[in-house]
Amino acid sequence: MDDQQSAASVTPEDQAKHREYAGEMQAVRIAEMEALNELPVNEVDRIHRAQREAFDWWEKSFGIKVRDWRKARGWSQDDLASELNDLGFEMHQTTVAKIERGARPLRVSEAVALAHIFGVPALAVFNGPGPEDEPWSAKRMREHLEFIEAQAQQVKDRLESVAKDLAYWESSKAAAADALNRAALRADSDATEA
């Protein structure tokens with residue numbers, strides 16, 4: 001994205017490129033799935049088990065992140081369970097321990113609640129590298145989204161910087177106007193006294 005281009009200026013051409021890319025990646029994914037149909041049954045079973053392990057990797061990865069976030073705050077598993085209970089999720093320390101080990105499936109609402117508790121975006125658990133054996137198409141799509149997210153973050157950082165600069169200059173303008181006004185009042189007062 002060009003430094004001068006803003007997030008609000010996504011053109012129809014850009015949207016068409018994203019749709020085309022998504023279509024290409026889905027075509028690759030379909031080809032990957034069709035290739036499975038040509039393999040012997042025992043090989044397909046092995047691949048399906050490996051795919052399941054790749055999906056389970058996300059659960060374990062999420063658990064590790066939750067544990068790291070919790071420990072970074074100096075919280076016990078009981079403390080985290082208490083935070084979740086305060087949001088209406090009945091949790092015990094043992095449940096938190098299972099989540100951190102990736103031994104308990106997590107509901108989407110629980111994942112979002114955990115993100116809320118730790119002050120991170122709900123999708124933060126999916127950032128970063130995926131499992132080593134994820135399908136090529138899934139890896140490429142994830143990398144593409146991570147690239148777009150990084151670009152959006154750069155624009156957000158620039159906007160925050162510009163907003164701070166604007167606030168500084170607006171307050172400087174107000175201070176200068178106030179100083180000029182006070183000086184003019186003094187000059188008028190001095191002129192009337194003289």
Side-chain angles (χ1 to χ4, degrees), residues 7-8 10 15 18-19 21-23 25-26 28-30 32-33 36 41-161 163-164:
V10 175
Q15 292 174 340
H18 289 299
R19 280 193 299 277
Y21 179 80
M25 287 295 100
Q26 289 304 317
V28 168
R29 183 70 185 129
I30 289 168
E32 289 172 344
M33 298 303 289
L36 281 176
V41 173
N42 62 340
E43 185 65 14
V44 171
D45 287 344
R46 185 192 66 72
I47 290 170
H48 282 161
R49 280 192 305 278
Q51 286 175 332
R52 174 58 195 252
E53 288 173 11
F55 293 131
D56 287 343
W57 178 91
W58 289 104
E59 200 88 51
K60 288 179 179 22
S61 174
F62 181 80
I64 290 167
K65 286 182 182 181
V66 167
R67 184 195 65 217
D68 291 346
W69 292 336
R70 175 182 61 77
K71 286 184 173 185
R73 284 160 180 77
W75 293 354
S76 68
Q77 291 175 338
D78 277 324
D79 294 333
L80 182 53
S82 177
E83 292 285 330
L84 286 160
N85 282 313
D86 289 347
L87 292 177
F89 294 90
E90 286 191 34
M91 289 275 175
H92 300 282
Q93 174 275 324
T94 55
T95 308
V96 171
K98 288 177 184 175
I99 290 169
E100 289 181 357
R101 285 194 319 271
R104 178 193 177 272
L106 199 62
R107 295 188 337 239
V108 173
S109 59
E110 293 169 340
V112 173
L114 285 164
H116 173 77
I117 288 168
F118 291 114
V120 298
L123 296 178
V125 299
F126 299 110
N127 291 343
E132 290 179 17
D133 54 353
E134 75 180 324
W136 180 86
S137 60
K139 180 179 180 180
R140 291 294 300 143
M141 287 185 276
R142 185 177 42 75
E143 288 170 348
H144 183 67
L145 287 174
E146 287 171 357
F147 170 77
I148 291 171
E149 185 175 277
Q151 296 302 307
Q153 184 62 47
Q154 286 179 4
V155 170
K156 181 181 175 188
D157 292 344
R158 284 196 311 266
L159 283 173
E160 288 174 358
S161 175
K164 287 176 184 174

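Atom set for the values below is all heavy atoms of this structure, side chains included, hydrogens, waters and symmetry mates excluded. Positions are given from 1, in the same order as the sequence printed here.
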Report task. Decide yes or no on side chain to side chain contact (heavy atoms under 4.5 Å, CB included) for Val96 and Trp75, but give the supporting numbers first. Result -> CA-CA 12 Å; Val96 171; Trp75 293 354; over 6 Å; no
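Minimum interatomic distance between Ala115 and Pro121 (heavy atoms only, all atoms of both residues): CB-O, 3.9 Å. The two residues Arg101 and Lys60 come nearest to each other via the heavy atoms O-CG, 4.0 Å.
Looking at heavy atoms from C-beta onward, Val66 lies out of side-chain contact with Leu106 at the 4.5 angstrom threshold. Looking only at side-chain heavy atoms (C-beta outward), Ile99 and Leu80 stay at 4.5 Å or farther from each other. Contact check for Val120 versus Lys65: no side-chain heavy atoms found under the 4.5 Å cut-off. Between Glu110 and Leu84, the closest side-chain pair of non-hydrogen atoms is not below 4.5 Å.
Within 6.0 Å of CD on Glu90 lie no more than 12 heavy atoms contributed by other residues, nucleotides or ligands.
Using modelled atom types and a 3.5 Å distance limit, the side chains of Ser82 and Asn85 yield no donor-acceptor pair.
With hydrogens and angles disregarded, a donor-acceptor distance shorter than 3.5 Å links the side chain of Asp79 to the backbone of Ser76.
The aromatic rings of Trp69 and Phe118 are tilted relative to each other, their planes meeting at an angle between 30° and 60°.
In this structure, Met91 CE and Asp86 CG are separated by 12.5 Å, a value rounded to the nearest 0.5 Å.
Salt bridge absent: Arg73 and Glu83 never bring a charged side-chain N and a carboxylate O closer than 4.0 Å.
With Gln77 as the fixed residue, the side-chain hydrogen bond (donor to acceptor under 3.5 Å, both in side chains) test singles out one of His92, Arg67, Gln93, Lys98: Gln93.
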